[in-house]
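Comments concern the structure below.
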Amino acid sequence: MTIAPPAAEAIDEQPAGRGLLRYALAKVGGALLSIAMVIVATFFAFRLLPGDPVRALAQGRNMTPEQLDLERHRLGLDKSLAEQFVHFVNQTVHFDLGTSYEYKRPVLDLIGERIGSTLLLTGTALVMAVSLGIWQGARAGWKPGSRFDKFSTGVSLVLWSVPTFWLGLLLLMVFAAGIGPIPGIFPTRGIESVDAPDGFGYVLDVAKHMVLPCLTMVAVVYAQYLLVMRSSVLDEVGQDYVTTARAKGLRDDEIRRRHAVPNALLPTVTLVFMRIGFVVGGAVTVEAIFSWPGLGQLFYEAIRVPDFTLMQGTFLLITVSVILMNTLADVVYHLLDPRVRSA
Amino acid sequence: MLEATSLAVEFASRGRRPARAVDGVNLSVGAGEIVALVGESGCGKTTLARTLLGLERPSSGTVSYDGTPLSYRAKALKAYRRQVQLVLQDPMGSLNPRQTVYEAVAEGPRIHGLPDEEKVVAEALSRAGLRPPERFFLRYPHELSGGQRQRVVIAGALALNPKVLIADEPVASLDASVRGEILALLLRLRDELGLSALVVTHDLGLAWNIADRVAVMYLGRIVESGPTEQILKSPQHPYTQALLSVLPESPARIVLTGEPPDPTRIPGGCRFHPRCQVVASGNPIADKCRTDVLPILPASDAAQAACHLL
Amino acid sequence: MSITWTRRRLALGRFWGDFRTHRAGVIGLAILLLAVLLAVIAPLFIDAGVTNVVSGTREKLAPPSWADPLGTDESGRSVLLMIWWGSRTSLLIGFLAALLSMVIGTVLGIAAGHFRGWIGAIVMRITDWFLVLPSLVTALVLAAILGGSTVTIIAAIGVTSWPSTARLIRAQTLAVEARPYIERSQALGGGHWHITTRHVLPNVAPLLLASTTLEVASAIVTESTLAFLGVSANKTSWGTMLRGSYDWGAATSGAWWYILVPGLCIVIVVMAFTLCGRALETVLNPRLRRAV
Amino acid sequence: DPAAPKVIRVGATQSVDSLNPFLAVRLVSSSIHRWMYGFLTVPDPKTLQPSPDLAESWTTSPDGLTWTFKIRQAKWSDGQPITADDAAWTFNKMITDDGAKTANGPAVENFAGVTASGQELTIKLKAPQASMLDNPVPIMPKHVWEKVADISKYEATDFPAVTSGPYIAVEQKKDQYVKLKANPDYWRGAPKIDELQVIFYDNPAAAIVGLKKGDIDLIGRLAPPDFDALKGDSNIVQWNEQGRRATYLQINHGATTSDDKPIGDGHPALKDPKVREALHYAIDKQKLVDEVQNGLAVPADGSIIPPMYKDFFWQASGAEKVSFDLAKANKILDDAGYKKGADGVRTMPDGSRKLQFRFSIHTDTPIEEKLAEYLTGWFKELGITLTTKRLDSSKFTEETGTTALFDIAISGWSVNPDPEEVLATHLCSRRPTASGEGGGTESFYCDPQYEALYQQQLKELDRPKRADIIKKMEERLYTDAPVIALYYPNDLEGYRKDRIASITPIPEDKGILYGGSGYWPFYTLQAVTKDAGTDEGGSSTGVIVGVAVAAVVLLGAGFLFTRRRKTVADDRE
Amino acid sequence: MSLLELDSLSVTYRIASGDVPAVRDVSLSLEAGEALGVVGESGSGKSTLAMALLRLLPRDARTSGRIMLGGEDVLAMKWGRLRAVRWAEASIVFQGAQHGLNPVQRIGDQIAEPLLVHKLAGPAKASERAVELLQQVGLPAWRARSYPHELSGGQRQRVMIAMALACEPQLIIADEPTTALDLMVQAQVLTLIKSLIASQGISLLMISHDLSVLADTCDRLAVMYAGRLVETGPADGVFRHPYSQALAAAFPTVGDPASRLAPRGLGGDPPDPQQLPSGCVFHPRCPVALESCSSVDVELRPAGDRRTAACVLVLEESC
Ligand SMILES: Nc1ncnc2c1ncn2[C@@H]1O[C@H](COP(=O)(O)OP(=O)(O)OP(=O)(O)O)[C@@H](O)[C@H]1O
Ligand SMILES: Nc1ncnc2c1ncn2[C@@H]1O[C@H](COP(=O)(O)OP(=O)(O)OP(=O)(O)O)[C@@H](O)[C@H]1O
Ligand SMILES: [Mg+2]
Ligand SMILES: [Mg+2]
């Protein structure tokens, strides 16, 4: 018997990892394209609007035609559509989102003032929803049909069917107002008390204000993470490597923790990021109900007034950040999943 | 009848070197002839078969049928595909699980608008050995055994009354006990209908079982071809020799290390030299193997091999 | 061929047999059928008059009683009758928006999966783009821009919710197209139309059914959210009723029936659609279980 | 602890748009500015007539074109003296800087020039102006504000603010709250509380909960349902008094531009005063008050000036008075030749068009929605079809104020102590120009008689005589019916009596607390002396501790649970 | 005492449509250092048999009979003991090497894992050993840091083998270790397995549907049909059971003129385990079936030279 000696392993050389950069660049390029599309679409969508924004501005006030013209000129509405478009794009790429009709201030400033609280709320809610969903989903999917599975899937499905604002209102009525024996222990509005103490007391105060809004968002959002995690774990249960792990003598929970969950996590992670837009959408109603001074509330106000520059600016910002988050997610996913990493 | 001339197929993929899956192949299948195309995994057999059917466009070279080069316009392709048919490796996969046997076999006649659909279908089924055909009309693929499924696929091809059948690993997914039956069917069809066939396989035993001629492929090229008996009994090319040596009954086995190298990086000189046992054993000709490019084998019936040793 | 029909019936029977083992799905289906039936037959018993304020002469915000089992609203209209009549709008919007979303999603999904090269790439790009748009926010903007009529709301929901369907269909199309029978069909001479309509579409259809069912659920929720945020479809729906309860201080004045009933109706019907859709998905394609 | 500061918290369902008085247009912001800054004059708390504020006294030239104000010797909150120069700077800034016109531009439109010398301020007018003493512009400290480079971008968030009124803004959190401290050096004397907070609620229901819980002490401008929700709470005073607002229908009676060209697509039938009269008869104002406003309004038998302004309020009586009578309404239409068709809908006498009107309302306004439902119901009885058209506010303003693309529209106006502005909204000159530029008309009305009366009252400086002229104008509006007043919504507010010991409304007799003109209610506000602060803090700490304990217990239980499972899992798979 | 002894082992899957008797009454024994091949067509219960050995079957499977591994009954073990036995005493190389490895874990870690689980080494020692094992199967040390997808099918199968060797078990069960592999790669893997078995004295239970693969690697063969053993015997003898003969004929010898242009196979369809034919389950497809075969079932009978077969014809001849 001869084993032909040509160094087979010479061909089997260590791979060089330069795919990631190329991939990241491609993704960023794609994101930029998406953002460009958003900008164009936003411009035209908001120009389709019936009605004259300047009149909206003049609402009920006595303004002379000269004043109106002046205002129009200030907003660049006296130019042709093409010129306006160029102007709009130019402004937008220079991070100028225009001036709010209602607040008479740059939209970007208004957003800047509120983005922190939105990030705090959605960030916390997202982290909680994701952890809860993944934890429960993993356990439920590992033992499909078990009592834990039935219970957690059932609860999450019920909560998932609940309109966010309705749940928020109920929670507000029960836990902020207090009903019967339940005391209204949580605050009715906002992110902090007017007389919030400093230091750690402040943190506690904010935390207390966050309980209900967070709970509302988590309740509605976590179901999808649970369900995705559950089904991806379910997919892993039958995989051969799980059988291998069993054959190796691993305990059941070790198999779940060390093998099934890391594999199932990856599809869930993509979903987490892909559904960020959904969470942001939920923020609009939650912030309105709990008077949370964030972007969602600003957006809601812009819609109610309506303040089209503000609406447009907020929409642009929300969309662009969701796109960027998605891009980030793609790249992170790429970093995390060895299968994609060097493919 | 069906002929490929200096056929090459490249797959370009972004950010990578193009894969030259088929890299200069001359091959012909005569009327009523069964040709076996053998080779290791990834050497381009399937790609060649697909290209012959016009499912893949060659980057250079031509496929011609009855002397006329294949045109890639939709109409011409459709007409061509009445003459040349394909049978795939996985009979379960090649049948739409939502279609009954009848629908599956009638698909071709429907596409080509043949008259007397039911008769055609019944005839094709019975030719493929599913008798009485009516019993099978309304079955779904999952209700059939593997061998029956493959017969349905063959019947689907036969329904168009083709002249040439290209079978890509037709029995690879079938149980050992069943494959003989399918191979016998191919032989019988050749005898009864004068059907030509190109059978793609990695199984030398299969070639021995049914093929008139064998072509051995390595990394996109045919390295040896000729009448079956001659090639399989006295292989000339070191690669063919190695392939034959690992069959269980062979006395001395030459196990090539590594996998077939990747078609994106075809070595210079003789493309087999990095794995060649003769080169490795320090044969003086080795230098030539590393540097000198070999000519493409012509599409001839006689036994021939592309090797510097010869 | 009558045998074909027999076979179809058998297949349907088999499907039903499978479906029946999902108890939650069966319950969902039952609720759903009941809701649809009630909505359809509503005009036989009541008419839009039940939403008319001038005719609402009973006590305002009266708690449930024999006369009004679910109490009355701020204008003395019966909440029960309003719910009944409003289910027509809610379900109609749910179904039509899901249908719209399904049609767009299917066409684009199949196109993206079937056509390789630039067509597929562009369609996919567009889909991805829509997919990352925060759908509720976009729907809000659309509805705010176009004004809130039933058609607008349907369009706003449909236009923002198709991308996930498209993605799903695309994935499924890719999976189907990777099957050898597509290649076989190609080899038999089948063109794009033949392959997409004869092979791809029938194979994605069941999944589509399941996905659309789930889509209806989310459309109903979205409708109520839009109504709550003030862009409503001028007609009485569960969402506008909730909005009404909010506007007319039902929460603060303790009119729990006015808040709870429409909300619970939404929850129950949406649940029913979700359960039914999930069961369908499991039965029709156990491998492709996905999130709602 | 007797030294505990007395804090009163005011809830607002509107967020502060700007603390810069040149820019702020929202009621909440202008209210805060009223508490912070002095004005030339302030309405008298009893009579609502202008009374001295920063201007101690004033004189006017016989032609009514030159006004001289003597500015009070007082100090800004930073100790600088207040001079006429501050006032002159404020007005001149508004005259010269377009950015500064945003909030109160029209108030200085008639100003020809403003000059100051020492404590003496001289304002020259382009034309006589009876409302001169109701100038709504707060006087700003020149020495602080002249440093602002671009007034249109200035947010006035430098705290503490420099003010001359009873309160000083000391802190603002956007969309959350504004904190005001009492001005100890206020020339009338420091307010009786130490701190005033304005807290924003996006969700009115939450605000009601907040008031009931004691998170806030007072909330104004309540919607009727929210007001009703306060019923039965022994700690809360429900404040239900006449309001300063009128709600009316605006009817497209043949809209024209300022050069008398017809404009818009109003239904021709509405040009007929008979039809308008019939519509007026078909409205059950009492029912609207009961159903739409929960009884918390006064049915309008008058016009656009609410009864709160006793001097100027006019009410129809006798034969002139229109009261709900569908039969009469039908008869009027029958007599005028509008015949009912087979479908029960009337047509024009010439048969050309059916009487199908559109009713334009704002989106997202439950009250208007409800109102529309009732009107639709009654008009149906008349054989008139009314369809509701919801418009966002910009479109609404455009269609009902400029392009006249409406038949009937909802309208309403909050009236100042001096009704001049609301009267002006029905002048010919307010109609849009041919190019469609708006002048701010509320009705496209252009009536010679009304115009003449308006000019007359402008020049009439004797208050009772002027009031008579104004009442004639109201009567004209009532009978000609370009607008039909529906009701005057009450001012609905609520406050906690365990926190607020006393509060004086404006006017003192049945007046407004929040959002009224002048700072009186919040200047005279007295808090209950009781330190509720500490035990509330205790309870909230208790809650936090409780929550924390619960969380720890839950976590611990979860941990134990999984532990236990692990040991069990050891012997199975 | 044999290393592994199966005593009338039966496995039945309980599924919705009824019971599936996947393995019926199989008795086998395997001596230390011996290589036994199990061959049979698809669905004949080979994998089920292999999985049953370490009780790795899904929950819905019911196992009866006895599996004596090193003198202990696997079926009677407590879970803790069973886990200790798994891999340490018998390890498995699965059919689909692609899926047998965790796609997101480095290969080195996966090889080291059983060592850690069975506390045979500390982390440092374990990874050292992993590298050693990799080298033993002909892979470079740096491959320990690779992920499965970076390896070719043959390399992955070698990793599986390295993993199986990690705890130095007495028995390796290889379930179709080369089925998905290419001809040449298959030869490589088989060569490797043979040399490792030979050098370390490990017992091997190898499963395949390809007779030629087993004939080459194993000392003894067992042929399964429809969940039963129909023949056992030395690898280099001549088959007696008609099914075994048909299987053997399906793999022609290149150069053998008898099979040139004459493919041979077995007619008919494989049996449905839920509706097994009466009598000898093979009789519907048997080319030499007697009339009695449809009613009389035959147990495994001695068929000369250490061979047993379950066929009437064998019975008659040997009688
Ligand atoms: N669509 C494609 N895009 C890129 N590369 C491809 C494509 N199809 C095949 N290849 C590459 O071309 C080469 C030849 O593939 P082909 O499928 O023809 O081989 P094969 O001989 O049929 O192998 P097997 O025996 O495994 O079926 C392989 O390296 C494969 O990776
Ligand atoms: N989990 C299961 N549930 C129900 N039936 C099963 C299950 N696994 C296997 N079977 C059935 O048991 C029988 C034996 O299956 P097994 O996988 O052991 O066959 P095999 O000989 O390994 O086949 P292959 O060569 O295809 O791997 C088959 O009929 C199969 O359908
Ligand atoms: Mg191939
Ligand atoms: Mg198997």
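- Residue B:Ile34: no heavy atom, backbone or side chain, is found under 4.5 Å from chain E.
- The 12-atom threshold is not exceeded at CZ of E:Arg145, counting heavy atoms of other residues, nucleotides or ligands nearer than 6.0 Å.
- Contact count versus chain E (heavy atoms, under 4.5 Å) is highest, among B:Leu247, B:Thr228, B:Asp203, for B:Thr228.
- Note that CG of B:Asn209 and CZ of E:Arg264 are 9.0 Å apart. Values are rounded to the nearest 0.5 Å.
- For B:Leu183, the parts lying near chain E are the backbone and the side chain together; criterion is any non-hydrogen pair under 4.5 Å.
- At a threshold of 4.0 Å, the pair E:Glu231-E:Arg240 does not count as salt-bridged, since none of the basic side-chain nitrogens sits closer than that to a carboxylate oxygen.
- Under the 3.5 Å distance criterion, with hydrogens and angles disregarded, a donor-acceptor pair is assigned to the side chains of B:Asp168 and B:Thr46.
- B:Ala36 and B:Ala211 make their closest contact through CB-CB, 3.5 Å (heavy atoms, listed as atom of the first residue, atom of the second, distance).
- Heavy-atom distances place both the backbone and the side chain of B:Leu204 under 4.5 Å from chain E.
- Contact annotation for B:Ala172: neither backbone nor side-chain heavy atoms come within less than 4.5 Å of a heavy atom of chain E.
- For a residue to count as touching a neighbouring chain, one of its non-hydrogen atoms must lie under 4.5 Å from one of that chain's; by this rule E:Arg260 touches chain B with backbone and side chain alike.
- Using a 30° and 60° split on the angle between ring planes, B:Tyr140 and B:His142 fall in the parallel class, below 30°.
- With hydrogens and angles ignored, the 3.5 Å screen pairs a side-chain donor or acceptor of B:Gln150 with a backbone N or O of B:Pro170.
- Ring geometry for B:Phe272 versus B:His237: interplanar angle of 30 to 60°, hence tilted.
- Interface with chain B: from residues 243-258 of chain E, residues E:Leu247, E:Ala250, E:Phe251, E:Pro252, E:Thr253, E:Val254, E:Gly255, E:Asp256, E:Pro257 qualify, criterion being any non-hydrogen pair under 4.5 Å.
- What you find for B:Arg271 and B:Leu219 is that their closest heavy atoms are NH1-O, 2.8 Å.
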